[in-house]
Each structure stands twice: as structure tokens, then as C-alpha cells.
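What follows is a set of notes on a single structure, which appears directly below.
Below, chains carry the letters A, B, ... as their sequence lines are ordered, and counting in each starts from 1. When reading the values below, keep in mind they use all heavy atoms of this one structure, side chains included, and skip hydrogens, waters and symmetry mates.
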Amino acid sequence: MSVAVLARLQAEFGAKILETSSFRGDDEAIVAPSDWAAVAAFLRADSELVMDHFIDITAIDYPERTPQLPRFDVVLLVRSMSKNHRVRLKTRVQDGEELDTLVPVWRGANWTEREVFDMFGIRFRGHPDMRRILLYEEFVGYPLRKDYPIDKTQPLIEYRKEDNLEKLPPFGPTEGQPWNRIDWQARLEGRDMQVSPAIAVQQGQKHALSESSARAEGKPLPDEIPGKN
Amino acid sequence: MERIEEELEDESALELPTEPMRLNMGPSHPAMHGTIRMVLDLDGEIIKDVDIQPGYLHRGFEKSCERGTWAQVYPYADRLNYVSPMLNNVGFSLAVEKLIGITVPERCAYYRVILGELARIADHLTCNGAGAMELGAFTPFLWFLKVRDWIWDILERETGARMTHSFGRIGGMAKPPTETLKQDVLDILPQVEKVLLEAEGMLLRNRIFIDRTQGIGILKKDLAIEMGVTGAMLRSTGVDYDVRKAHPYSLYERFDFEVPIGHDGDNYDRFLVRTEEMRQSMRILEQAVAQMPDDGPINVEDVRIMMPPKDQVYNTIEGTIAHFKLVMEGLKPPVGEVYSYTEAGNGDMGFYIVSDGSGTPYRVRCRPPCFINLAICRDMLLDEMIADIVPTFGSVNMIGGECDR
């Protein structure tokens with residue numbers, strides 16, 4: 001069963017299958033990046049292979065083997081639900097080289113390709129949503145590359161600017177909630193009334209809650225409006 | 001949840017002009033197990049789009065593995081799926097053993113099965129219990145956790161720790177089984193069964209529970225396979241894929257057990273599949289306890305892989321050197337790469353390990369089942385109500401440590 005997968009691939013693609021191996025029973029075929037998507041699509045569509053069950057896509061970094069060989073190995077693992085066999089498809093890409101996405105073949109490739117991009121910086125051409133997934137957008141570098149030191153410190157990042165805040169749900173005193181977004185500048189300058197009402201009063205600040213914004217703007221509070229009672 | 005369909009004479013009169021509202025759910029939310037963020041686009045209470053953003057618990061598992069010895073991966077592996085750490089330990093052990101090309105003695109394989117199945121029961125109890133609790137059923141949750149504590153008591157007697165055991169070793173286990181293990185397991189099984197029945201009586205015909213699980217969060221079979229979903233989630237859609245049956249490892253081919261499958265792939269089916277899997281785990285436990293030999297070696301006897309016994313370390317120069325080499329340099333698997341997979345609590349937990357022949361792993365890739373199961377959550381949530389996120393997300397059983405690594 002197991003040899004049949006590699007034999008079938010070699011019969012179909014011939015010299016395009018650069019290397020095959022079966023170390024410890026794991027069938028592996030290596031292809032060029034240009035054949036990556038075509039071989040993957042064949043694995044899925046062929047009636048003898050039917051590799052319909054997506055398993056994983058990952059990468060390995062070999063900085064020391066350049067320039068004889070490209071730097072990264074990208075590995076696809078798939079199995080067949082009906083035939084119960086597996087294969088490991090591998091390709092080698094340079095730093096900065098884009099690889100065809102496999103999302104049209106297996107939708108499950110979406111998040112794993114994003115993770116490979118996140119951790120190794122390998123981009124996938126035609127991927128519908130090429131964002132970082134586990135790390136944040138402002139992260140500098142790609143942590144699973146061998147040249148990324150494990151104890152590297154990341155820079156502090158600015159607060160993100162959110163467009164059209166009005167579209168967000170009601171939040172803050174003016175919208176009927178008793179707390180507000182934290183105004184760090186005001187907190188540093190001692191104008192903040194949100195830390196603790198007791199401390200704020202001691203420091204001569206005015207009450208938190210919804211009246212604070214009214215006071216801050218110099219408007220009279222409802223109970224101070226003359227002639228109300 | 002069921003939408004309230006009212007007969008109105010003039011529907012447009014009651015329609016308020018709305019536009020999609022964007023709502024953040026998480027990363028710190030009681031229903032978001034661990035930490036995960038969902039950005040929802042809502043039309044009223046209907047989910048029109050959802051962007052699931054994992055990663056708040058990312059601790060660099062794979063990077064950390066690349067700086068120690070192979071044996072030093074175990075504490076990290078414990079903290080992947082911290083609800084069933086023994087299964088991760090066993091999974092990683094099997095991966096490295098496959099790379100070296102050894103098999104552990106039979107008694108060790110049975111021991112791993114027993115501890116692993118206990119961990120699987122604990123895992124499913126937590127998932128089902130927490131899922132029920134989020135729907136307001138606090139009593140079954142407490143019952144389930146009571147049982148889980150009994151199981152953890154056994155694991156604590158065996159390993160010395162309740163949760164993060166770090167008990168697996170390459171080529172064996174840290175310690176041989178205690179003398180009371182078999183009796184302890186046999187004593188606990190009827191009680192687990194009793195609590196399962198009680199909790200089923202509380203939940204399965206409960207109107208609130210049924211309304212909020214049946215027909216909610218439906219997962220289609222073909223899509224699930226294409227997305228790489230595994231474990232109880234895949235089986236709930238009617239696919240009988242279980243690694244223990246499809247690719248038996250660690251003597252699982254010797255046990256007589258069934259693979260429970262669901263029909264609709266909804267939350268209710270996932271709950272039932274997990275419940276039934278606990279029963280099957282108990283069947284495996286009974287057989288494993290009966291079959292496990294009482295004496296015999298636990299570890300492979302190769303001082304290049306396992307630490308030599310302490311009396312040899314202290315009294316012979318060979319033992320001292322072997323101990324020193326293993327501690328300072330670590331064991332050195334041959335150059336190569338293997339992918340080894342086991343059935344963990346959430347599904348197909350794979351380790352793709354690459355060795356460059358030194359004592360340090362070159363690359364340890366963990367294929368996290370719930371990361372890949374979570375990717376499909378968006379399809380399960382679209383056009384459902386916002387309240388359905390809680391049971392649907394609960395039944396996916398996302399474990400932050402494993403998802404974000």
C-alpha cells in the first residue's frame with residue numbers, strides 16, 4: 001500500500017518528483033515549488049490516491065545549507081480517508097520566494113499556511129487571508145527561523161488606531177456604561193478619575209461615573225441645575 | 001437557539017433600521033476557554049461574520065523545544081493539552097521512538113494505554129462538564145469534576161503530579177506501575193459509569209440543553225474532512241476515523257472497542273460521542289488491566305536511551321558515564337524526520353520531528369488538533385445566534401495551550 005503512493009506519483013509526474021524516500025515508513029516525495037500546487041491537486045483528485053483528509057502544513061528552516069539548496073522546507077501532510085494511506089509532500093523555497101497556496105485544494109490549509117507565514121515568513125501566493133495568526137501584526141521578525149534568538153525582546157507597540165469607533169457597541173459614560181476606555185495620558189497627568197473613586201476624591205478629582213464627563217466639560221450636574229427642585 | 005417567529009400583520013412596522021454591529025467577544029470572556037478573541041459582525045443577534053483570532057496563549061512551544069535535549073521537551077508537551085497531559089507525553093514518546101526505531105516492552109505499552117485512557121476520560125469529562133455548565137447546568141459539571149478528581153488521584157499516585165506529570169520517557173516511563181494501580185482502576189470504573197448515567201439523566205432529556213445543542217453548530221461531513229478536522233468532532237459527523245483503530249499504536253489492536261459516531265454533527269452529537277468514548281475508554285481500561293503483565297521490564301534496556309539504574313550510576317564507571325552523557329548531551333537519535341500521530345483528547349495529535357543527529361531537536365512540530373478544529377468554527381457559527389457561540393465553541397473543546405502552543 002505504502003509504496004503505491006510514491007509509485008503512482010512517479011508514474012504521473014516522472015522527473016518532476018525530485019526525490020522520494022520512506023524513512024521509518026513515512027512516504028515522502030520532494031517536488032519543485034513550481035509543481036507544488038499541481039502535485040497537491042493531483043493527490044486530492046486522483047481516484048487511486050484520494051488524499052481528501054488534510055493533516056498539516058509546516059516548514060523547517062535550514063539556513064546553513066544555502067546557497068547549495070534553498071533555505072526552507074515546506075511540508076504538506078495529507079491522508080486518504082477511504083484508502084487509509086498517507087504521504088508527505090515536500091518542497092524547498094528560498095527566503096522571500098512565494099509558494100502557491102493550497103487553500104483551493106484543501107480549505108484546511110488556510111490556518112496552517114497562515115501559521116507558516118507567521119513563524120517563518122514564507123508567503124503563499126493567492127492565499128485569501130495572509131495575516132499573522134498566533135502573533136500580533138506588529139511583531140518584528142519570524143520566530144521559528146533559526147536566526148531568531150530565543151531570548152529576543154520585542155519592542156513596545158503603540159496603541160492601535162481603530163477606525164470608525166462609532167460603529168463599535170456603546171461603551172463609556174456617555175453611552176450609559178459606568179466605565180470608560182482608559183485615558184492613559186490623563187492617568188499620567190493625574191486627571192484620571194477611573195482608578196478608584198476614593199483616591200480620586202482625595203486627590204481633589206471629581207467623581208467618576210457619568211457625571212464626571214459633564215463636570216469635566218464644565219456643565220452643571222442635573223442636581224445642580226437651579227430651579228430643578 | 002430557536003428564533004422566535006411571530007406572526008405579524010405588518011412586519012415592516014416593527015423592523016428597526018439596523019446596520020451590522022461589530023462586537024468583540026474575548027479574549028477575556030467566561031465562555032472563551034482560555035483566551036481567544038472573536039470579532040463578530042452582527043445583524044441583530046444573528047452572526048453575519050466572525051473572525052476568530054487565536055494566539056493569546058502562544059508561548060513558543062516549538063521554539064523552546066529547539067534549545068534543550070529531547071527529554072527536556074516533556075514538560076513543554078505536558079502543557080500543550082493540559083487537560084490530558086499524559087496523552088501528549090505518550091504521543092511525543094512514540095514519535096521519538098519511531099525516529100530511533102525502538103519499541104517499548106509490552107508492559108510499558110499497557111501502562112501507557114491505561115494512563116492515557118484515564119487521561120482521555122478526564123479530558124472528555126472536562127469538556128462535557130464545562131459545556132453543560134456554560135448552558136447553566138452546574139450540577140453535572142460538579143459531578144464530572146468530582147469524577148475527574150478521582151481519576152487525578154490515581155494519576156497522582158502513579159506519577160506524583162495531578163496535572164503536569166512529565167511522566168513519559170523516551171523508551172519507557174519514568175517509574176514502573178504501582179502495585180495498587182490495577183485495583184485502583186477497577187475500583188473507579190463503576191463509579192465513573194454511575195456518574196455518567198446520573199449526568200445523562202440530568203441533561204439528555206432536559207429541554208434547555210436540547211434546545212441549545214440539537215441542530216446547532218452543524219458541521220458537514222465533507223467539509224470536516226477537507227478542513228482536517230479529527231477526533232470527536234469528526235466522528236460526530238459520521239466518519240468512523242479514530243487513530244487507535246485506523247493506525248493502531250501501542251497495542252491498541254489488541255483491545256475490543258467501538259468507535260462511536262454521530263449523525264448530524266451538531267453540538268448534541270459531539271456531547272454524545274464524547275460520552276460514549278468515555279464508556280469505550282472504560283472498556284479498554286478493563287481489558288488493559290486484565291492483560292497487563294505484573295512483572296517484566298518497563299523501559300528499554302539501552303543506556304544510550306534510558307538512564308541506567310541508580311545503583312549502577314553510583315557504583316560503576318559505565319553507569320556514571322552513561323548517566324553523564326544522557327544528562328549533559330541528551331540522547332542522539334539518527335538523522336532523519338518522522339511524523340508520528342496518536343489519538344489525543346481532541347483528535348489526531350501529531351509530532352513532526354526532525355533530528356540532525358545531535359542531542360537537541362532540530363525541529364519539533366506539534367500538529368495541534370484543536371487549532372485545526374477551531375479553523376472550522378467560523379463555518380459552524382455563521383447565521384447562528386450570538387448565544388449559540390457558547391455551546392458550539394464549548395463543544396469544539398479548544399484548549400488554549402494546545403491551540404496556541
Side-chain angles (χ1 to χ4, degrees), chain A residues 21 23-26 28 44 52-62 64 73 75 77-82 84-86 88 90 105-112 114-116 118-119 129 131-136 139 143-146 148-152 162 164-165 167-171, chain B residues 19-24 42 51-58 60 62-64 66-67 98-101 221-230 234 239-241 246-247 334-341 348 350 352 354 356 362-363 365-368 371-372 374-376 378-379 403-405:
Chain A
S21 65
F23 181 66
R24 306 276 187 233
D26 286 1
E28 178 182 284
R44 168 92 204 248
D52 49 355
H53 195 191
F54 175 79
I55 299 289
D56 201 1
I57 289 180
T58 187
I60 312 160
D61 183 16
Y62 294 102
E64 283 160 12
D73 274 1
V75 182
L77 297 153
V78 280
R79 77 178 276 279
S80 165
M81 197 56 93
S82 51
N84 208 7
H85 55 211
R86 295 179 178 242
R88 190 160 78 205
K90 196 189 255 187
V105 190
W106 295 278
R107 276 188 55 200
N110 190 327
W111 276 30
T112 44
R114 277 176 70 186
E115 198 191 331
V116 169
D118 193 358
M119 296 292 160
D129 187 17
R131 285 180 295 155
R132 283 189 181 266
I133 188 161
L134 291 180
L135 303 171
Y136 46 95
F139 194 91
L144 279 183
R145 290 187 174 193
K146 291 285 178 187
Y148 184 94
I150 193 166
D151 52 356
K152 183 176 171 187
E162 189 74 42
N164 56 27
L165 270 178
K167 285 281 175 64
L168 290 174
F171 201 73
Chain B
E19 49 183 291
M21 182 168 77
R22 176 158 288 187
L23 184 74
N24 267 314
L42 299 172
D51 181 23
I52 303 174
Q53 300 178 354
Y56 287 88
L57 214 59
H58 180 67
E62 291 168 14
K63 187 78 177 172
S64 308
E66 291 173 12
R67 65 167 179 183
K98 183 176 175 185
L99 179 62
I100 306 176
K221 192 174 176 176
D222 295 343
L223 184 66
I225 294 175
E226 188 187 342
M227 291 292 280
V229 174
T230 47
L234 178 64
V239 183
D240 62 338
Y241 171 62
H247 309 275
V335 181
E337 44 199 80
V338 294
Y339 178 71
S340 162
Y341 41 95
D348 192 341
Y352 180 58
V354 181
D356 59 352
Y362 192 79
R363 172 107 169 88
R365 157 73 179 169
C366 164
R367 182 220 186 253
F371 178 75
I372 290 165
L374 187 68
I376 197 143
R378 177 173 181 273
D379 295 76
C403 180
D404 300 344
R405 282 154 291 139

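Remark: the backbone N or O of B/Y339 is paired with a side-chain donor or acceptor of A/D26 at under 3.5 angstrom. Here the side chain of B/K63 pairs a donor or acceptor atom with the backbone of A/P143 at under 3.5 angstrom. B/H58 places no side-chain N or O within 3.5 Å of a backbone atom of A/I133 that could act as its donor or acceptor partner. In this structure, B/R365 contributes its side chain and A/T58 its backbone to no donor-acceptor pair below 3.5 Å. Proximity of a side-chain donor or acceptor of A/R24 to a complementary backbone N or O of B/L99 within less than 3.5 Å is detected. A donor-acceptor distance shorter than 3.5 angstrom exists from the side chain of A/K146 to the backbone of B/Y362, with no hydrogens or angles considered.
Chosen from A/W106, A/Y136, A/W111, the residue pairing most often with chain B at heavy-atom distances under 4.5 Å is A/W111. Among B/S64, B/A246, B/G55, B/A375, the residue with the largest count of heavy-atom pairs under 4.5 Å with chain A is B/A375. Comparing B/C403, B/G101, B/A224 by how many heavy-atom pairs each has under 4.5 Å with chain A, the most go to B/G101. Per-residue heavy-atom pair counts under 4.5 Å with chain B were compared for A/R79, A/M81, A/M119, and the maximum is reached by A/R79.
With a threshold of 4.5 angstrom between heavy atoms, B/V239 approaches chain A through side-chain atoms but not through N, CA, C or O. Neither the backbone nor the side chain of A/R132 comes within contact range of chain B; no heavy atom of the residue lies under 4.5 Å from a heavy atom of that chain. Within the 4.5 angstrom heavy-atom criterion, only side-chain atoms of B/V354, from C-beta onward, approach chain A. Of the two parts of A/L135, only the side chain, counted from C-beta on, holds a non-hydrogen atom closer than 4.5 Å to a non-hydrogen atom of chain B. Neither the backbone nor the side chain of A/V78 has a heavy atom closer than 4.5 Å to any heavy atom of chain B. Looking at A/A109, neither its backbone nor its side chain comes within 4.5 Å of chain B, counting heavy atoms on both sides. Of the two parts of B/L223, only the side chain, counted from C-beta on, holds a non-hydrogen atom closer than 4.5 Å to a non-hydrogen atom of chain A. In this structure, chain A has a heavy atom under 4.5 Å from the side chain of B/P334, while its backbone stays farther away. For A/D118, no part lies under 4.5 angstrom from a heavy atom of chain B. Residue contact with chain A, scored on non-hydrogen atoms closer than 4.5 Å, involves the side chain of B/R67 exclusively. Within the 4.5 angstrom heavy-atom criterion, atoms from both the backbone and the side chain of B/I52 approach chain A.
In this structure the side chain of A/D61 never reaches within 4.5 angstrom of the side chain of B/R363, judged on heavy atoms. Side-chain contact between B/Y352 and A/D56: absent, with no pair of heavy atoms (C-beta onward) separated by less than 4.5 Å. Between A/N110 and B/M227, the closest side-chain pair of non-hydrogen atoms is not below 4.5 Å.
Ion pairing between B/D348 and A/R86 holds under the 4.0 Å rule for side-chain N and carboxylate O.
In this structure, CG in A/D52 is found 9.5 Å from CD in B/E226, a value given to the nearest 0.5 Å. Annotation: the span from B/Q53 atom CD to A/R131 atom CZ amounts to 6.0 Å, rounded to 0.5 Å. Atoms CZ and OG1, on A/F54 and B/T230 in that order, are 11.5 Å from each other to the nearest 0.5 Å. For the atom pair A/Y148 OH and B/E66 CD, the distance stands at 13.0 Å (nearest 0.5 Å). Atom CZ of residue B/R405 and atom CG of residue A/L134 lie 5.5 Å apart, to the nearest 0.5 angstrom. With rounding to the nearest 0.5 Å, the separation of CG in B/D51 from CG in A/D129 is 7.0 Å.
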Set out, in order, the CA-CA distance, both residues' side-chain angles and the distance that settles side-chain contact (heavy atoms from CB on, under 4.5 Å) for B/D379 and A/R107, then state yes or no. CA-CA 11 Å; B/D379 295 76; A/R107 276 188 55 200; 3.1 Å; yes
Using the rule given for side-chain contact (heavy atoms from CB on, under 4.5 Å), can you reason through A/T112 versus B/R367, listing the C-alpha separation, both sets of side-chain angles and the distance that settles it, and then say yes or no? CA-CA 10 Å; A/T112 44; B/R367 182 220 186 253; over 6 Å; no
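Across every non-hydrogen atom of B/I225 and A/H53, the tightest pair is O-CD2, 3.3 Å.
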